[in-house]
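Data block below; observations after.
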Amino acid sequence: MPLRLTPTFRDALAASDRALAGMWVCSGNATITEIAAGSGLDWLLLDMEHSATSLESVLAQLQVAAAYPVTPVVRVPWNDPVTIKRVLDVGAQNLIVPMISSANEARAAVAATRYPPAGVRGVGSALARSARWNRVDDYLADASAHVSLTVQIETTAGVAAAAEIAAVEGVDAVFVGPSDLSASMGLLGRQAHPDVVAAVHRVFSAAKDAATPVGVNAFDPAVAEAYLDAGADFVAVGADVALLARASEALAARFVTGRASDRDSY
């Protein structure tokens, strides 16, 4: 029975008349992903770089997210063709590749998502969820239409090369990571520093000149709003683990620390 795959993140960006809001899922937990998938957010970043999320976890998260009108985007841990091949084969249609600092690195990421002769992706569609075990008509010929690639710029070298990176054929979007960028600039942990913000804006400008959608990571609502006003096409505005950490701390402050202070005042 022929099957159709869902639209890509590239398609979602092109079809939207507003910026797309998303959140990270770092827990690797399919239940958490399902809760987030039904929240009304536009996209989810399933993170394999800074979490214990495994390939099997990515598969489970993609399966539960498929029931909801949300676009899952998987961030692989590195620009590695073997990892990219395996993540694509379990059915990820949308990838973020971190730490892209040159056009050559961007081209390598593109090649990892393409079958020969356009790239180096290994052929295993009959064995893999990506083609639904060869139930997607003409998957081998049309695979690039079912995959979107976002490259992440998060170093000073990447900022300097942003125009060339954004112009690489096959790069569908650019995502700026202010955390690593601030570290690269000698401003570790100071993502809102004016110099870091200015560097983010330089990437925005370069991507816009290349007609490539550009997004940014911004968990502070005020910072996120400022980047939206500056023209961001998509923004990651929170993370499952951060939301749980802050909410549990608020509970502790109210019902542990706060009530202990009340007793001390008696």
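Minimum interatomic distance between P77 and P98 (heavy atoms only, all atoms of both residues): O-CG, 3.7 Å. For A166 against A206, the heavy-atom pair with the smallest separation is CB-O, 4.4 Å. Of all heavy-atom pairs spanning A236 and F175, the tightest one is CB-CZ, 4.1 Å. Across all their heavy atoms, A112 and L88 have their closest contact at O-CD1, 4.1 Å. Scanning both residues, V200 and P178, for their nearest heavy atoms gives CG2-CG, 4.4 Å.
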Original post:
How far apart are the C-alpha atoms of L95 and V73, what are their side-chain angles, what is the distance that settles it, and do they pass the side chain to side chain contact (heavy atoms under 4.5 Å, CB included) test?
Top reply: CA-CA 5 Å; L95 300 185; V73 183; 5.9 Å; no

Original post:
side chain to side chain contact (heavy atoms under 4.5 Å, CB included) between T150 and V97: does it pass, once the steps are laid out?
Top reply: CA-CA 6 Å; T150 298; V97 177; over 6 Å; no

**OP:** Apply side chain to side chain contact (heavy atoms under 4.5 Å, CB included) to M48 and V74, showing your working.
**Re:** CA-CA 7 Å; M48 299 181 75; V74 179; 3.8 Å; yes

**OP:** Check step by step if side chain to side chain contact (heavy atoms under 4.5 Å, CB included) holds for I165 and I100.
**Re:** CA-CA 8 Å; I165 292 169; I100 298 297; 4.2 Å; yes

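At a threshold of 4.5 Å between side-chain heavy atoms, the hydrophobic network of Ile, Leu, Val, Met, Phe, Trp and Tyr places V76 and I96 in two separate groups. Linking ILVMFWY side-chain heavy atoms closer than 4.5 Å, directly or via other members, places I84 and V120 in two distinct hydrophobic clusters. Both V203 and V196 belong to a common hydrophobic cluster when Ile, Leu, Val, Met, Phe, Trp and Tyr are linked at side-chain heavy-atom distances under 4.5 angstrom. L140 is not connected to L127 by any chain of hydrophobic side-chain contacts under 4.5 Å among Ile, Leu, Val, Met, Phe, Trp and Tyr, and they are in different clusters. Transitive grouping of hydrophobic side chains (ILVMFWY, heavy atoms separated by less than 4.5 Å) brings V168 and V214 into a common cluster.
Side chain of D138 to main chain of A141: no donor-acceptor pair is present (N/O by atom type, distance under 3.5 Å, no hydrogens or angles). Within the 3.5 Å criterion, the main-chain N or O of T8 finds a donor-acceptor partner in the side chain of D11. No side-chain donor-acceptor contact under 3.5 Å links S16 to the backbone of A12. In this structure, the side chain of R114 does not engage the main chain of A111 through any donor-acceptor pair within 3.5 Å. Side chain of E105 to main chain of S101: a donor-acceptor pair is present (N/O by atom type, distance under 3.5 Å, no hydrogens or angles). Side-chain atoms of Q152 do not come within 3.5 Å of backbone N or O of M99 as any donor-acceptor pair. Not a single donor-acceptor pair under 3.5 Å links the side chain of E225 to the backbone N or O of P221. Checking side-chain atoms of S57 against main-chain N and O of G28 turns up a donor-acceptor pair under 3.5 Å. Between the S51 side chain and the D47 main chain, a donor and an acceptor come within less than 3.5 Å of each other. Side chain of S148 to backbone of N94: no donor-acceptor contact under 3.5 angstrom is found.
Of the inter-residue distances, the one linking L187 atom CG with S179 atom OG reads 12.5 Å to the nearest 0.5 angstrom. Here the CZ atom belonging to R129 is positioned 9.0 Å from the CG atom belonging to L5, to the nearest 0.5 angstrom. Annotation: the span from T212 atom OG1 to R10 atom CZ amounts to 12.0 Å, rounded to 0.5 Å. One finds the CH2 atom of W24 at 7.0 Å from the CD atom of E49 (value rounded to the nearest 0.5 Å).
Between R121 and D89, at least one side-chain nitrogen of the basic residue sits less than 4.0 Å from a carboxylate oxygen of the acidic one, meeting the salt-bridge criterion.
Residues V90 and R86 are not in side-chain contact: their nearest non-hydrogen atoms beyond the backbone lie 4.5 Å or more apart. In this structure the side chain of D172 never reaches within 4.5 angstrom of the side chain of P213, judged on heavy atoms. Between T71 and D42, every side-chain heavy-atom pair lies at or beyond the 4.5 Å cut-off. The closest side-chain heavy-atom distance from L44 to M23 is below 4.5 Å. Contact check for V25 versus Q61: side-chain heavy atoms found under the 4.5 Å cut-off. Between T33 and L46, the closest side-chain pair of non-hydrogen atoms falls below 4.5 Å. Side-chain atoms of L149 and V151, non-hydrogen and from C-beta on, do get closer than 4.5 Å to each other. Between N217 and V176 there is no side-chain heavy-atom pair separated by less than 4.5 Å.
Under the rule for a ring pair (Phe, Tyr, Trp, His ring centres under 6.0 Å), the partners of Y139 that lie at least two apart in sequence or sit in another chain are H146. For T6, the side-chain hydrogen bond (donor to acceptor under 3.5 Å, both in side chains) partners are Q93, not counting sequence neighbours. Evaluation of the ring pair (Phe, Tyr, Trp, His ring centres under 6.0 Å) rule for F9 yields W43, F234 as partners, not counting sequence neighbours.
Counting only N and O atoms by type, the side chains of S27 and D240 include a donor and acceptor under 3.5 Å apart. Residues S182 and Q191 bring no donor and acceptor atom of their side chains to less than 3.5 Å of each other.
The hydrophobic cluster around W133 extends to none of the other residues, as no ILVMFWY side-chain heavy atom falls under 4.5 Å of it. Taking Ile, Leu, Val, Met, Phe, Trp and Tyr as members and joining any whose side-chain heavy atoms lie under 4.5 Å apart, directly or through other members, V64 forms no hydrophobic cluster with any other residue.
In R107, the CZ atom is crowded: over 12 heavy atoms of neighbouring residues, nucleotides or ligands sit closer than 6.0 Å.
For residues 200-220, the salt bridge (charged side-chain N to carboxylate O under 4.0 Å, His left out) pairs, not counting sequence neighbours, are K208-D233.
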